[in-house]
Each structure stands twice: as C-alpha cells, then as structure tokens.
Amino acid sequence: MTLLAVNDVSKRFGGVNALAGVSFGVDEGDVLGIIGPNGAGKTTLLNCISGLYRPDGGDIRWEAASISGMAPYRIARLGIGRTFQIVRPFPSMTVRENTATGALFGRPHGRLQPAAALAEADEVLGLVGLGEKRDYPVLRLTVPDRKRLEVARALAMRPRLLLLDEVMAGLNDVEVEQALQMIRRVRDRGVTIVLIEHVMKVIVGICNRALVLNFGRTLVEGPPSEVLKDKRVIEAYLGRRYAQDQQPPPRSHPEGAGT
Ligand SMILES: Nc1ncnc2c1ncn2[C@@H]1O[C@H](COP(=O)(O)OP(=O)(O)OP(=O)(O)O)[C@@H](O)[C@H]1O
Ligand SMILES: [Mg+2]
C-alpha cells in the first residue's frame, strides 16, 4: 500500500531550484534511502514532506490525501515523524524529559498525560540504546548519543513513517553498526522509513530502495545494489564519495555542517 506519494514537487529559493520536479512513492514497510551530493535538495525534500516548507509546485499525498502546505504539527499528528540534520535538544532537560516532549505533543489522538509520556519515553529510549542514560542532562551526551536522542524524540510520537536526516554523520564504524541495528529494530516494529544518508554501507545494509537526487531532480531510483552500480550515479556522486569513505570520519563532526 502506498503511504506517501510525492508528485512533481518543486521548491525554489531565489534563483536556486532546490527541487525541480521530484516524484516517488513510499510503500508501507519500505526503507527508502535518499542519497546525492551536497546541495542536491535532500533536506529540502524532507522539509516539504514534514511541512516546514510549502512546495512551490506539485503535490504530496499521505494515504491519498494531500498534505502539501499543511502545518508541521498537523503532519506530525498524521503519523509522519522526523529528525533534523542539525540536532537541537532542549539543553536544560534530561534525556528522558526531552524524549517525553515528543510523546506529549506529537500524538495523533490527543495528548498523553505526563506519566504516560515518560513511560513512552522509557520504552523508545530502550529501543535506541539510551535506557541507561535516561537521566543524563542532554549536554552530557556524545554526538552519537545525541543522534539516538533525535530518533527517540521522533519515535515517541509513534510515527508510521519516520524521516531520518543523516543520523549517521560523524559516527565511526562501530557507531554506524550500532545505529544500523537501531534502525533495523525500528523497522521491525513496523515503521516505514525514509532516510538521507551519505554512508553507502547504510544504504546497502538496510534500504530496499534507493533514490539519487542531483540538482533537485531524481537521477536514478531502484534497488540499492543496482543504483550504486549505475554509471550516472558514480559520475555525479559516488566517485568522489567512495574515495572519501576510505578516510576515517572526523571525530568532531561540526554540528550544523551542511545545510
Ligand atoms: N532555507 C533556505 N534558503 C535558501 N536556500 C536554501 C534553503 N534551504 C536550502 N537551500 C538551498 O537549496 C539547495 C538544496 O539544499 P539542501 O539543504 O536541500 O541540500 P542537501 O541535499 O540536504 O545537502 P547536504 O548533503 O549538504 O545536507 C542548496 O543550494 C541550498 O543552499
Ligand atoms: Mg541536507
């Protein structure tokens, strides 16, 4: 069943065509990977789906009903959760309190009581591997743990579709493997996933489909193994990226690098 349908969506910023007619569908149970060079329009696409940006053209449908231009909180309550490429937790709160805010405000059927929200937070913190750090102030969390918290906050809203924007950026090999296992656990709970990722191991390791964006357009779409072999993809993106992947990732990934 098609959950999300993106039809010919475009988005301009001044003279920049960030999205220039992108179309694809997401079926229930899919793990769709979106890849492409910096500035290709990947985050803009998630921003259009989650309601942060109103598309200039085209249409986005959730279970056949248009959600284009709908307010972000309404889209969240329909069951579309997301993380942000730039992680922004509430700094004065604990890990558990930060997670509970997702359960308190993002639910489809009215708000939860605070105690129920905290119980929900505990459950999703276990799922992402932060159970033992639930009482930490968020400022004590390492970069990979902050990424996990981002996922937990989105999961606390019980989304049917989860949009992940580069949750593996800045992680080392061991951390990427742990994050992969976390995403598999989320998928196995029946959550459909769209993830933006530069780490090809992730795309091959968990996605059943991959979509390559380039200059705001779909370059190739298909099974990851075929997409990554495609000559156009190697020329536009992978040649450079594969070379970079041979280097260890920088430990201190600057939060907010990229757009
Ligand atoms: N709010 C904005 N105002 C102006 N220009 C923007 C805005 N958001 C994105 N852009 C521009 O739109 C284009 C696509 O940006 P986007 O952030 O979607 O790329 P991306 O594929 O997510 O890149 P990255 O891999 O670096 O995260 C870029 O040229 C970017 O500068
Ligand atoms: Mg981006």
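Indexing begins at 1, ligand by ligand and atom by atom, following the structure's order.
Not one N/O/S atom of Thr44, from backbone or side chain, sits under 2.8 Å from the Mg ion (ligand 2).
Among the atoms of Ala40, some N or O lies under 3.5 angstrom from an N or O of ligand 1. The shortest N/O to N/O separation between Gly39 and ligand 1 falls below 3.5 Å.
Taking the charged nitrogens against the carboxylate oxygens, Glu150 and Arg153 do have a contact shorter than 4.0 Å, which makes a salt bridge. Here Glu120 pairs with Arg158 in a salt bridge; the nearest charged N to carboxylate O distance falls below 4.0 Å.
Considering only residues two or more places apart in sequence or on other chains, Arg209 meets the salt bridge (Lys or Arg N to Asp or Glu O under 4.0 Å) condition with Asp30, Glu221. A search for ring pair (Phe, Tyr, Trp, His ring centres under 6.0 Å) contacts involving Phe24 returns nothing, not counting sequence neighbours.
In this structure, Gly41 has a heavy atom closer than 4.0 Å to ligand 1. Ligand 1 is approached by His198 to a heavy-atom distance shorter than 4.0 Å.
Heavy-atom contacts from other residues, nucleotides or ligands closer than 6.0 Å to CZ of Arg54 number 12 or fewer.
Using bins of under 30°, 30° to 60° and over 60° for the plane-to-plane angle, the ring pair Tyr53/Phe13 lands in the perpendicular bin.
Every atom of ligand 1 is numbered from 1 in the order shown, and the set under 4.0 Å from a heavy atom of Glu166 is 25 (O), 27 (O). Those atoms of ligand 1 that come under 4.0 Å of a heavy atom in Val16, given as number and element, are 29 (O).
The proximity of Thr44 to ligand 1, defined as any non-hydrogen pair under 4.0 Å, involves the side chain as well as the backbone. When non-hydrogen atoms are compared, ligand 1 lies under 4.0 Å from the side chain of Tyr53 (C-beta onward) but not from its backbone.
The line from CG of Leu130 to CE of Met182 is 9.0 Å long, rounded to the nearest 0.5 Å.
Looking at Leu45, Asn47, Asn38, it is Asn38 that brings a heavy atom closest to atom 24 (P) of ligand 1.
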